[in-house]
Trainee: 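Dropping a structure here in C-alpha cells format, bear with me for questions.
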There are 2 protein chains.
Amino acid sequence: MSDTKSRPLTLRDVSEASGVSEMTVSRVLRNRSDVSQATREKVLAAAKQLGYVPNKIAGALASQRVNLVGVIIPSMSNMVFPEVMTGISRVLEDTDLQPVVGITDYLPEKEEKVLFEMLSWRPSGVIIAGLEHSDASRAMLRAAGIPVVEIMDVDGDAIDAAVGISHRRAGQQLGEAILAAGYKRIGFMGTKMPLDHRARKRFEGMTQALAKGGVEVADQEFYSGGSALAKGREMTAAMLERTPDLDFLAYSNDMIGAGGLLYLMEQGIDVPGQIGLAGFNGVELLQGLPKQLATMDACRAEIGQKAAEIIVKRIANPDTAASGHVELTPTLSFGDTLRQS
Amino acid sequence: MSDTKSRPLTLRDVSEASGVSEMTVSRVLRNRSDVSQATREKVLAAAKQLGYVPNKIAGALASQRVNLVGVIIPSMSNMVFPEVMTGISRVLEDTDLQPVVGITDYLPEKEEKVLFEMLSWRPSGVIIAGLEHSDASRAMLRAAGIPVVEIMDVDGDAIDAAVGISHRRAGQQLGEAILAAGYKRIGFMGTKMPLDHRARKRFEGMTQALAKGGVEVADQEFYSGGSALAKGREMTAAMLERTPDLDFLAYSNDMIGAGGLLYLMEQGIDVPGQIGLAGFNGVELLQGLPKQLATMDACRAEIGQKAAEIIVKRIANPDTAASGHVELTPTLSFGDTLRQS
DNA sequence: TGACTTGATGTTAGCGCGATCCCACGGCCT
DNA sequence: AGGCCGTGGGATCGCGCTAACATCAAGTCA
C-alpha cells in the first residue's frame with residue numbers, strides 16, 4: 001500500500017519481507033517442491049502483500065530458458081490465421097509455453113525483420129507460415145537451434161518440420177470437380193498479391209487440372225485492398241459484363257466468393273444451374289449465407305494444433321527424430337453452388 | 001558456416017572475430033555514434049558473417065529498458081480488435097517500440113493471468129481494452145509504474161489514461177434515431193456475454209433513450225458462439241415468429257445484423273419501410289451487402305492510434321501531465337435500413 | 001554410535017549485455 | 001613546453017534472477 005518510492009520490486013524485497021533467502025523465495029514462486037509448507041505460505045503472503053511480479057527477463061537470462069513460442073503469420077484480418085492461432089493456443093495452454101505473434105503483411109523483408117526481433121528474445125520454438133522465406137530468414141531459423149515448424153503449406157522444402165495441406169493438390173481437386181460437373185467457361189478471381197504463394201499454388205493446381213480436361217480459364221481478375229465482400233461483388237459484375245458466357249466462377253477465398261454469390265442472387269441468376277461458384281477456406285461466415293458456397297476446408301485449427309504439438313514435443317525432448325512432416329487433406333464441400341456429378 | 005558446436009553466439013564471438021572489445025561491438029550494433037567508420041564496418045561484417053542475433057534478454061536486463069508495449073484485448077476474431085491493432089501498429093512502427101498482444105476471451109481471470117505474464121516481461125507501457133478490471137489487475141497496473149491506456153470505452157474511471165467512445169451515449173444516439181424515425185415496436189438481439197461491458201452499456205443507453213420517448217424493447221434475445229451471420233439469421237427468424245409486429249430490429253454488432261438483413265431480404269420484407277435495422281461497429285464487411293446496414297462507427301483504428309500516441313509520448317517524457325482522456329465521437333450512418341427523419 | 005540419508009535452506013557464481021567511468025592519443029591554443 | 005580539449009576505444013561492474021553446490025539439522029539403519 002505504501003507506494004513511497006515505487007522502486008521496482010525484486011526478489012530481495014520479498015525475501016526481506018518474509019525473512020528467508022532470495023533463493024527460497026525464488027523456489028516458492030516457481031513451485032519447486034523442496035520448500036516446507038510453512039515457509040511457502042509465508043513467502044506467498046509476503047509476495048502478494050507487496051504485489052510482487054517476477055522479472056522474467058532476469059529469470060530467462062539466468063536459466064537460459066524462455067517459455068515463448070514465436071508465431072509468424074502474414075495477417076490477422078484474413079480469418080484463416082486467427083483460427084490457426086486458436087489451434088495453437090489450445091495446445092499451448094496446457095503447457096507453460098506462450099505464443100507470441102508477429103505479423104509480416106506478406107512482405108518478405110518484414111518477415112525477416114519480425115523474425116530477427118523475435119529470435120532476439122530467444123524463444124523456445126518458432127511456428128512460421130509458408131515455406132518461402134528469404135535466404136537470411138532461413139539461415140536465422142537454422143542457426144537458432146530451436147524447433148521450427150512451417151505451417152499452411154507442404155508444397156516445397158521445409159527447414160525443419162512442416163504441417164499443412166498441399167494447395168496445389170487442393171486446386172487440382174477443385175479443377176477436377178469443376179470438370180466433372182460439366183462446366184466449360186471458367187472465370188477466376190483472386191487477390192493480386194504476388195506474394196501469397198499459397199493462393200498462387202491453388203490457382204496453378206486448378207488451371208493444370210482444367211487443362212487436362214481441355215478447359216482453360218476464360219477470364220481472370222485480381223484485386224487488392226478494400227472490403228473483400230464488396231470486391232467480390234464488383235469483380236463479378238465486371239467479369240460477367242466482359243465475358244457474359246462464363247458458366248463457373250472460382251474465387252481464391254470465401255469472402256470474395258460470398259460477395260459474388262450475393263450479387264448473382266440479386267441478379268436472379270440460377271446458381272449453380274446457370275453459373276457455378278466456389279471459394280476457398282471454409283470460413284464460418286459462410287454458414288449464414290442464403291446458399292452454401294462450395295469451398296475447401298483448409299484445416300486451419302488442426303494445422304495450428306499439430307504444429308504446436310510438434311513444438312511441445314520437440315522442446316520436451318530435443319533429440320526426437322524429426323517426424324515433422326504432416327500433410328492434412330482438405331475436403332471439398334459442394335454446398336449449393338457446385339453441381340455434384 | 002561451421003556449425004560445429006552450435007553454441008549460441010554472443011557479443012564475445014563477434015568481438016573475437018573482429019578484433020575489438022565487446023563494448024565496441026555493442027556500440028556498433030546499437031548504432032551509437034562514437035565508433036570510427038572503419039571499425040564499424042569491420043564489426044558489422046563479422047556479425048553478419050557469423051549470423052549473430054543480439055540477445056535482447058541480456059540487453060534489457062542490463063539497460064533496464066524493454067521496447068515492448070503490452071496490448072491486452074478480449075479477442076482477435078471480433079473484427080474490431082484487429083483494426084485497433086492496425087492503428088496501434090501504424091504508430092509504433094515509427095518508433096522502436098513493439099506491440100505484444102495478449103488475449104483474454106472476455107474473462108476477468110484470464111485477463112489477470114495474461115496481465116501478470118505480460119508485466120513480468122517489464123513492458124514499457126500497456127494498452128488494455130475496457131475500464132472494468134479485477135482489483136488485482138488494477139493494482140498490478142498501478143504498481144507497474146508504466147503508462148497504461150485503457151481503450152474502447154470512456155464510461156467509467158480510468159487507471160491512468162483512456163481513449164474510446166461512450167458506448168452509453170452511442171446507444172442513446174441510436175435510440176433517439178429510432179424514435180425520430182417513428183419506429184415503435186423494437187426488438188433487440190445481442191451476445192449473451194455478461195462480460196462484454198461495452199455491449200451492455202450500448203444496450204442500456206438505447207433502452208434509456210427509447211424509454212424517454214415512451215417506447216420499450218418489445219422482445220430481445222441473446223446468443224453465444226457459432227457463426228454470427230448464421231445466428232443473426234436464425235434469431236431474426238425466431239423473433240419475428242414470436243413477435244410478428246416488430247417494426248425495428250437492433251443488433252449488438254454488424255455481423256448478426258447482416259445475417260438478419262439477408263434473412264429479411266430473402267423473405268421479401270420491405271426494409272426499412274416495414275422493418276428497420278441497425279447494427280454496430282461499421283465493419284468493412286458491410287460494404288459488400290445488398291443494402292447498407294445502419295451502423296455506428298466505433299472509431300477503431302483511431303482509438304488504437306491515439307492510444308499508441310499517448311504511450312509513445314509518455315515513454316519519451318514520463319513526467320508529462322496526464323492529458324490522457326480522449327473521447328472520440330462515433331457517427332451514426334443510416335445506410336439503407338434506418339429511415340432518416 | 002557413527003556413517004549415511006533426507007529435507008530444507010543458504011551461498012556462490014554466473015547468464016549476456018549496457019551504463020559508466022577510464023585511458024591513450026593527436027591536435028590546438030597560449 | 002604545458003595545458004586542454006575531443007575522439008575512439010577499453011575495463012569494470014551490476015541488472016535480477018537461477019543452477020549448482022554447500023550446509024545443517026533431524027532422522028535412519030546396522
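Throughout, protein chains are lettered first and strands after them, A, B, ... in sequence-line order, and every chain is numbered starting at 1.
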Trainee: Separation of A/E22 atom CD from D/dC15 atom P, in whole Å?
Mentor: 11 Å
Trainee: Under 4.0 Å: is that the gap between some side-chain N or O of A/R12 and OP1 or OP2 of D/dG16?
Mentor: no
Trainee: If you compare every side-chain N and O of B/S36 against the phosphate oxygens of D/dG9 (OP1, OP2), does one of them come in below 4.0 Å?
Mentor: yes
Trainee: Taking only the side-chain nitrogens and oxygens of B/R32, find out if one of them lies under 4.0 Å from OP1 or OP2 of D/dG9.
Mentor: no
Trainee: State, without any angle test, whether A/H133 and A/E150 hold a side-chain donor-acceptor pair at a distance under 3.5 Å.
Mentor: yes
Trainee: I want to verify a distance call: between D/dG10, C/dG16, C/dT11, whose nearest atom is closest to the A/M23 side chain?
Mentor: C/dT11
Trainee: To the nearest Å, give me how far apart CZ (B/R30) and P (C/dT20) are.
Mentor: 11 Å
Trainee: When you measure from the side-chain N and O atoms of A/S21 to the phosphate of C/dG10, is any distance below 4.0 Å, counting only OP1 and OP2?
Mentor: yes
Trainee: In this structure, how many angstroms lie between the C1' atom of C/dG16 and the CH2 atom of A/W121, rounded?
Mentor: 13 Å
Trainee: Return whichever of B/V20 or A/S63 has its heavy-atom-nearest nucleotide of DNA chain D closer to the 5' end.
Mentor: B/V20
Trainee: Would you kindly say whether B/S137 and B/S134 are connected by a side-chain donor-acceptor distance under 3.5 Å?
Mentor: yes
Trainee: Of all the nucleotides listed (D/dA19, C/dC17, C/dG18), which has the minimum atom distance to the side chain of B/A58?
Mentor: C/dC17
Trainee: State which residue, out of B/K313, B/R314, B/K306, fulfils the side-chain contact (heavy atoms from CB on, under 4.5 Å) condition with B/I310.
Mentor: B/R314
Trainee: Under 4.0 Å, heavy atoms only, any strand: does A/N55 hit a base, just the sugar-phosphate, or nothing?
Mentor: sugar-phosphate
Trainee: It should be established whether A/T39 places a side-chain nitrogen or oxygen under 4.0 Å from OP1 or OP2 of nucleotide C/dT9.
Mentor: yes
Trainee: With no hydrogens and no angle check, just 3.5 Å: does a side-chain donor-acceptor pair link A/T86 and A/S89?
Mentor: no
Trainee: Between P on C/dC17 and CZ on B/R65, what's the gap in Å once rounded to a whole number?
Mentor: 16 Å
Trainee: To the nearest angstrom, how far is A/Q64 atom CD from D/dA20 atom C1'?
Mentor: 14 Å
Trainee: Would you mind reading off the distance between B/L11 atom CG and D/dG10 atom C1', rounded to a whole angstrom?
Mentor: 14 Å
Trainee: On the nucleotide C/dG18, are OP1 or OP2 found under 4.0 Å from the side-chain N or O atoms that B/S26 carries?
Mentor: yes
Trainee: Rounded to the Å, how far apart are B/Y52 OH and C/dC17 P?
Mentor: 3 Å
Trainee: Identify the heavy atoms of A/I57 and B/W121 that sit nearest to each other, and give their distance.
Mentor: CD1-O, 3.4 Å
Trainee: Are B/T24 and D/dG10 close enough that a side-chain N or O sits under 4.0 Å from OP1 or OP2?
Mentor: yes
Trainee: Under 3.5 Å, is there an N or O donor on one side and an acceptor on the other linking the side chain of B/R27 and the base of D/dG10?
Mentor: yes
Trainee: Specify the separation, in whole Å, of atom CG of B/L29 and atom C1' of C/dG16.
Mentor: 13 Å
